[in-house]
Amino acid sequence: MTGHRGETRRIWAWAFYDWANSAFPTVVSTFVIAAYFAQGIAPDPATGQAAWGWMQSAAGFGVALLSPLLGALADAGGRRRLMLGFFTLLLSASTAMIWFAKPDPAFMTYALVCVGLATIAFELGTVFYNAMLPSVATPERIGRVSGLGWGLGYAGGLVCLALCLVLLVQPNPSPIGLDRGQAEHVRAAALLVAAWLLVFGWPVLVAVPDAPGPKPGWGEAARKGLGEIVALVRTLPRNPSLARFILARLFYTDGLNTLFAFGAIYAAGVFGMGIDRILLFGIAMNVTAGLGAAGFALVEDRIGSRQMVLLALAAMLVFGTGLLLATTELGFWVLALSLGLFFGPAQAASRTFMARLAPPEEMAAHFGLFALSGRITGFLGPAALAAVTTATGSQRLGMATVLVFLGVGAAILLTVRDPVRR
């Protein structure tokens, strides 16, 4: 009984970290700070969108360089928890610094550096967080535990976004004296996210310890880790399932990330949605995404991780096509919220599939490669969208590039076999 309670405690502590860190992509990267940068700091929205895209590309390049090495180093040194704690603190500090980015083009570079550094910390912390999954869940429960994490993540993002709306953005005058003329009611969202991370991010660091045993020095761990990542890359040609999955995820994650990054911009530009309605839209999207992640987790354990990802991608292709054809805001809401049901399942099942493909002793290294596949070409999606939008002058045609990335990823994934369902 004690062992069961301990396992339950580890599962919830691990999953609750998703509640903590999902506030960053929801509030900073997608809905509040991203819109503030494009509309309030940059001299015009087009310049802001371009600068934001280049910053995301630079952050993606940094993650691509660092994630495999740090993942392998953590495997070799047995310090996944320490690394997660470090990057959580860096994420919180970098996010808090956004508060000082005033609504003036002179603060463009400062804001981009803060968000870029926070983005790198978020992505690298996720490498070590994901690598802990097999140590908290048995193989037969790994799908539902991963889905639980994604569901709590969307719930955390939802609650934090709602607090931003109710406590900071809407009240006028501000009950805590925030100066709307200096956009303090928007900038304060960064402080809320930073505090959110510190308040809710610690249980996993207490409840999920690293494996027992002696830990080598950092130098020895680095040498061993480098050797591990080189060996891992060399084995890819002999492991076609892993190689094709990594390639498939490269494409469909580019599509998902582009959809996240530009969805609010599309809603504002095509349907004229203001900041209040965009925040409400973001809250609604988090509700449906969280319900989808939690609900489909049970389905995933029955049909398999690969099949769950394929189902989610197929649904997003159907609803995404409808979104591009929608001409009313009501139609946009209905189709977007339906599509949102499949965000979580696609991501949660991908994480589970990676955990099933990777050897336990090389888990963080494989999740470093997993992070690499989600970031190494992270500039392609935004670049394709921007190029088509510029060439055609149509936001709809620009967003259509997302469907291409999702479709190519799904086609490649069809050639991969689920290791538990051969």
Least distance between heavy atoms, [X] atom then [Y] atom:
X: N21; Y: T126; result: ND2-OG1, 3.9 Å
X: Y36; Y: A101; result: OH-O, 2.7 Å
X: L406; Y: M316; result: CD1-CB, 4.2 Å

What about F100 and F107, are their ring centers closer than 6.0 Å?
no
Before we go on, tell me: are the rings of F87 and F122 under 6.0 Å apart, centre to centre?
no
Do Y252 and V408 make a side-chain contact, defined as non-hydrogen atoms from C-beta onward lying under 4.5 Å apart?
no
Side chain T26, main chain G157, donor-acceptor under 3.5 Å
no
Between F271 and F332, how do the two ring planes meet: parallel, tilted or perpendicular, split at 30° and 60°?
tilted
Once you measure the plane-to-plane angle for F251 and F405, does it fall in the parallel (<30°), tilted (30-60°) or perpendicular (>60°) bin?
tilted
Can you tell me how far apart CG (L279) and CD (Q170) are? Round to the nearest 0.5 Å.
8.0 Å
How many angstroms lie between atom OG1 of T88 and atom CE of M83, to the nearest 0.5 angstrom?
11.5 Å
Passes side-chain contact (heavy atoms from CB on, under 4.5 Å), M55 versus V113? Steps please.
CA-CA 8 Å; M55 177 272 294; V113 170; over 6 Å; no
Chi angles and distances behind the ring pair (Phe, Tyr, Trp, His ring centres under 6.0 Å) call for W14, Y129
CA-CA 8 Å; W14 179 87; Y129 169 63; 4.5 Å; yes
Begin with the C-alpha distance, continue with both residues' side-chain angles, and end with the deciding distance and a verdict on side-chain contact (heavy atoms from CB on, under 4.5 Å) for R306 and F245.
CA-CA 9 Å; R306 168 186 170 274; F245 170 62; over 6 Å; no
Does CH2 belonging to W202 count more than 12 external heavy atoms closer than 6.0 Å?
no
side-chain contact (heavy atoms from CB on, under 4.5 Å), that's the test. Do R81 and F128 meet it? Break it down for me.
CA-CA 7 Å; R81 184 168 60 168; F128 306 106; over 6 Å; no
